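Notes follow once the structure below has been shown.
Remember, predicted model here, so these are calculated numbers, not experimental data. Both counts, for ligands and for their atoms, begin at 1 and track the order of listing.
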Amino acid sequence: MTFLNKIVLVTGAGSGIGEAISINFAKLSARLYLIDKNGDGLKKTAEVCEKLSRTKVFTAVADLADDDLVEKVINNAKKEFGRIDVVVNCIGICKRTTILDPNIIQVYDEVMKNNLRSIVRITNCVAPILIESQGCLVNISSVSAVLTSKELIVYCTSKAALNHFSKCVALELAPKGVRVNCILSGPVATNILINAGSSKEDSDAAWKGAKELAPLKQLVKADEVAELAAFLASDKAKGVTGSIYSVDSGYGLIGCQDIRN
Ligand SMILES: NC(=O)c1ccc[n+]([C@@H]2O[C@H](COP(=O)([O-])OP(=O)(O)OC[C@H]3O[C@@H](n4cnc5c(N)ncnc54)[C@H](O)[C@@H]3O)[C@@H](O)[C@H]2O)c1
């Protein structure tokens, strides 16, 4: 598989899954435009990618929850490369709350702004460019979209909405030659919990618990998500749109297991 001469834009490239996805596309010879609000993380990812692809990697430090910045960053990418072939959306945050939390609306607004609204705006800005290139979109969702959780009520809801949003966009853009797919990732030991305010200790304990709970008794590796994203963005998947693919160490099966027990 090669992405030689393809322009790939990755959001949330400065950490975790987005970092792994960017590095994998660099290995596959893509020309990269990487975006994140975390400048330090973004710089590190770009340096690794440049070494691997031996081509300049373009970066933009931007908070993609800002509508105007999204438009600016997408326009810059188009200006720089003349086209965009693939967009992979990895931005996302995780915040805990429950329906009895008096502050749930604040958490709701913050999570939806970062996990859904931003991607609606990105898609809105990039769709005409992808129609020109006959390109594709891959959105990184979560197995939380199909599981239920008391404390992750808002996160789960944002990811369920992202799944359905992706399918609706896939339907609209299919006749125009643009494919849109979603990946439901299971737990990957990234900085997402620390970025949400957890201590390193609590974050490590959460990943340990997740590993024990996983039917395959292993966490998902960011590289596994990256491989699937590359497949969905490649010509090998040219008949695939509106699909939701899981790479979750069997997490999506947990509900059935509970009922049996
Ligand atoms: N880690 C997991 O277990 C897991 C599981 C399922 C799905 N996911 C999803 O995968 C995606 C990546 O998660 P991760 O675990 O790599 O998290 P992470 O926190 O390590 O990385 C997310 C990156 O996105 C960036 N980001 C977040 N909001 C942004 C915004 N508004 N503008 C610009 N950049 C922004 C952050 O700065 C960070 O660098 C998220 O959408 C997450 O919901 C993660």
Between the main-chain N or O of [Y] and the side-chain N or O of [X], is there a donor-acceptor pair closer than 3.5 Å?
X: Thr11; Y: Cys90; result: yes
X: Ser142; Y: Lys159; result: no
X: Arg96; Y: Glu151; result: no
X: Asp248; Y: Val220; result: no

*asked:* Rounded to the nearest 0.5 Å, what separates atom CE in Met1 from atom CG in Asn24?
replied: 8.5 Å

For ligand 1, run through the N/O pairs with the protein that fall under 3.5 Å and put one pair on each line.
residue  : atom   : partner : partner atom : Å
ligand 1 : 1 (N)  : Val188  : O            : 3.0
ligand 1 : 1 (N)  : Thr190  : OG1          : 3.3
ligand 1 : 3 (O)  : Val188  : N            : 2.8
ligand 1 : 3 (O)  : Val188  : O            : 3.3
ligand 1 : 15 (O) : Thr190  : OG1          : 2.5
ligand 1 : 16 (O) : Ile17   : N            : 2.8
ligand 1 : 19 (O) : Asn195  : ND2          : 2.8
ligand 1 : 20 (O) : Ser15   : OG           : 2.6
ligand 1 : 31 (N) : Asp63   : OD1          : 3.0
ligand 1 : 31 (N) : Asn114  : OD1          : 2.8
ligand 1 : 32 (N) : Leu64   : N            : 2.9
ligand 1 : 34 (N) : Lys37   : N            : 3.2
ligand 1 : 37 (O) : Asp36   : OD1          : 2.6
ligand 1 : 39 (O) : Asp36   : OD1          : 3.2
ligand 1 : 39 (O) : Asp36   : OD2          : 2.6
ligand 1 : 41 (O) : Cys90   : O            : 3.4
ligand 1 : 41 (O) : Ile91   : O            : 3.0
ligand 1 : 41 (O) : Lys159  : NZ           : 2.8
ligand 1 : 43 (O) : Tyr155  : OH           : 2.6
ligand 1 : 43 (O) : Lys159  : NZ           : 3.0

*Ion pair present between Lys51 and Glu47, side-chain N to carboxylate O less than 4.0 angstrom?*
no

